[in-house]
**Q** 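Pasting a structure here, questions to come.
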2 protein chains.
Amino acid sequence: MSTETPTIGRPRAFDEEAVLDRAAEVFWRHGYEGASMTALTSAMGINRPSLYATFGSKEQLFERAFARYRETQLANVRAALDRPTAYAAIEAFLRSSADGLTAGDHPLGCLSIQGGLACSPENARISEVLAAGRAANEAVVEERLSRAAREGDLPPGVDHRALARFVMALSEGFAVHAASGTSREDLQASVNVALRALVPSQS
Amino acid sequence: MSTETPTIGRPRAFDEEAVLDRAAEVFWRHGYEGASMTALTSAMGINRPSLYATFGSKEQLFERAFARYRETQLANVRAALDRPTAYAAIEAFLRSSADGLTAGDHPLGCLSIQGGLACSPENARISEVLAAGRAANEAVVEERLSRAAREGDLPPGVDHRALARFVMALSEGFAVHAASGTSREDLQASVNVALRALVPSQS
DNA sequence: GACATTTTGTACCGCTCGGTTACGAAAGCT
DNA sequence: AGCTTTCGTAACCGAGCGGTACAAAATGTC
């Protein structure tokens, strides 16, 4: 592959990881199909032949960029869920979601959703890759809640799988909202509402 | 416009409303940019010149199709919210969402989201139209909850705007989930979880 | 029945885009 | 100097969108 660093020949004029992040931003903003090769190469600061020589194709470029995005996203999810109680874990997850979806250092919303929920039949694989990423996140949440269920750390009568799905769905809805301009504060206010579902007794 | 029925000349071989519904399904399944003119005309059962003569452009076709979709969607939302209490209204809204998003007579998920959250710069208007439709739905929910707040029909300390946003975000997340294959039963199980946020005292 | 009007089907054009390759120049190592 | 690799420019192909020309077909009107 192109991961090893060849010591011979003309060296690369760009950092592979850095241009992947630039590519991710373009996909994030315009979606897979809405991201033109011209926009991609322009944002990445490289020419088309360099892109094809390095990444192979638009689809492979997307997968590499998305994989990188997933790394940091997954790290954030795990960090948020690393709280002593289910309530604290869910709250941290939702609050960090709301913050991340409205951060200023990258496009609004979430690449897993902006990337392309619906695609032309030729690009159906893109939707599948994105859906798999979201499902993996949900699995991580569910695992945390499964532990909470074993520890008796969930309100009585709560199905932990349904709760994980609820939390993920809410986060996805926040992503949709954030992409259309809903503010961080407004999202956090809705987190407050959502957390009531986790309180066993009244507020 | 093309809405009046001319009594002279060769009559139309297709029903305008019917082909709009077919077009909506294609946009729903593949998104605006992923829907090729060939796929559209093929599904609509008409030829390209007929499409352009009747609807003007791909964008205008989408707006007409989306407007029709919105009509029935809005009617469903209003019908669901027409319940005596805020709790019953929200429950009906979420349950009918979960059902509608997984119905068998049309694509999975929701056109407002599948249509194109992110688009190329040329098609930015599409994303805006879709976002406006979602915002209109949220406004309807908020209006219902605003009434509930005036009637003292909400749990104490709940911001009705944040609650409306919470409900809409959850419904949007359900749409994302449904489009990637989550079953109706699984969505309804998460509705059960969400409704806990509306119960003032313990379960 | 002749005529005007409108739609239909087929074909075509211009343009852009995605995907890809060719080729010579440039930059490094041995 | 020679080898290797990358860079930048340029071009090519097929497909899609947008739009149109033209003749055939179908209807109402005179």
Side-chain angles (χ1 to χ4, degrees), chain A residues 1-19 23 26-27 29-65 115-116 118-126, chain B residues 1-19 23 26-27 29-65 115-116 118-126:
Chain A
M1 293 296 287
S2 50
T3 48
E4 64 262 20
T5 316
T7 171
I8 204 165
R10 178 172 174 172
R12 276 236 175 92
F14 59 90
D15 178 32
E16 207 166 298
E17 313 286 287
V19 299
V26 178
F27 286 128
R29 221 178 285 277
H30 301 304
Y32 178 76
E33 295 183 329
S36 74
M37 294 304 293
T38 304
L40 285 165
T41 52
S42 170
M44 297 164 80
I46 66 176
N47 293 99
R48 279 162 96 122
S50 297
L51 189 153
Y52 276 93
T54 309
F55 302 105
S57 68
K58 186 184 185 184
E59 179 174 333
Q60 287 177 291
L61 170 67
F62 177 83
E63 294 192 8
R64 289 282 309 274
C119 284
S120 69
E122 307 92 73
N123 297 321
R125 178 171 165 69
I126 300 296
Chain B
M1 293 297 284
S2 52
T3 47
E4 65 259 21
T5 316
T7 172
I8 205 164
R10 179 170 173 172
R12 267 222 185 105
F14 58 91
D15 177 33
E16 202 165 309
E17 313 287 285
V19 299
V26 177
F27 287 127
R29 220 178 286 277
H30 302 303
Y32 178 78
E33 296 184 328
S36 73
M37 293 304 291
T38 304
L40 286 166
T41 53
S42 169
M44 296 164 81
I46 66 176
N47 293 99
R48 279 162 95 123
S50 296
L51 190 153
Y52 277 93
T54 309
F55 302 106
S57 69
K58 188 184 184 184
E59 179 175 333
Q60 287 176 290
L61 170 67
F62 177 83
E63 294 191 8
R64 289 283 307 274
C119 284
S120 68
E122 307 92 73
N123 298 321
R125 178 170 165 69
I126 301 297

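This is a predicted model, so every value here is computed, not measured. In what follows, chains carry the letters A, B, and so on, assigned in the order in which the sequence lines appear, proteins first and then strands, with residues in each chain numbered from 1.
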**Q** Please tell me which of the listed nucleotides, D/dG19, D/dG18, C/dT20, lies nearest to the side chain of B/S57?
**A** D/dG19
**Q** Whole-Å distance between D/dA11 P and A/M37 CE?
**A** 19 Å
**Q** Grab the CD-C1' distance between B/Q60 and D/dG19 for me, whole Å please.
**A** 13 Å
**Q** If I compare all heavy atoms of B/G34 with all of A/S120, which pair ends up nearest, and what's the gap?
**A** O-CB, 3.3 Å
**Q** A/E122 CD to D/dG14 C1': how many Å, rounded?
**A** 12 Å
**Q** Does A/Y52 have a side-chain nitrogen or oxygen under 4.0 Å from the phosphate oxygens OP1 or OP2 of C/dG19?
**A** yes
**Q** Expected output is a numbered-order residue list: members of residues 40-51 of chain B with a heavy atom under 4.0 Å from any atom of DNA chain C. What is it?
**A** B/N47, B/P49, B/S50
**Q** How many angstroms lie between CZ in A/F27 and CD in A/E33, if you round to the nearest 0.5 Å?
**A** 11.0 Å
**Q** Pick the closest DNA chain D nucleotide for B/N123 and for B/P11 by heavy atoms, then say which residue is nearer the 5' end.
**A** B/N123
**Q** Rounded to the nearest 0.5 Å, what separates atom CD in A/Q60 from atom OG1 in A/T54?
**A** 11.5 Å
**Q** Give the table of side-chain donor-acceptor pairs shorter than 3.5 Å for residues 35-49 of chain A, with sequence neighbours excluded, one pair per line with atom names and distance.
**A**
unit_1, atom_1, unit_2, atom_2, d
A/S36, OG, A/A39, N, 3.0
A/T41, OG1, A/M37, O, 2.8
A/T41, OG1, A/T38, O, 3.1

**Q** Pick out the pairs of N or O atoms, protein on one side and nucleotides 13-16 of chain C on the other, that lie under 3.5 Å.
**A**
none

**Q** List in chain and number order the residues that pass salt bridge (Lys or Arg N to Asp or Glu O under 4.0 Å) with A/E122, two or more places apart in sequence or in another chain; answer none if no residue qualifies.
**A** none
**Q** Can you name the nearest heavy-atom pair linking B/N123 to B/C119, along with the distance?
**A** O-CB, 3.5 Å
**Q** In whole angstrom, what separates A/E16's CD from D/dT6's P?
**A** 10 Å
**Q** Please give, in whole Å, the distance from C/dT5 C1' to B/R12 CZ?
**A** 14 Å
**Q** Using every non-hydrogen atom in the two residues, find where B/A118 and A/G31 come nearest and quote the distance to one decimal.
**A** CB-N, 3.5 Å
**Q** Quick one: side chain to side chain contact (heavy atoms under 4.5 Å, CB included) partners of A/E59, sequence neighbours excluded?
**A** A/Y32, A/S57, A/E63, A/R125, A/I126
**Q** Under 4.0 Å, heavy atoms only, any strand: does A/A35 hit a base, just the sugar-phosphate, or nothing?
**A** sugar-phosphate
**Q** Using a cut-off of 4.0 Å on non-hydrogen atoms, how would the nucleic acid contact of B/G56 be classed: base, sugar-phosphate, or nothing?
**A** sugar-phosphate
**Q** Expressed as a whole number of angstroms, how long is the span from B/F14:CZ to D/dA26:P?
**A** 16 Å
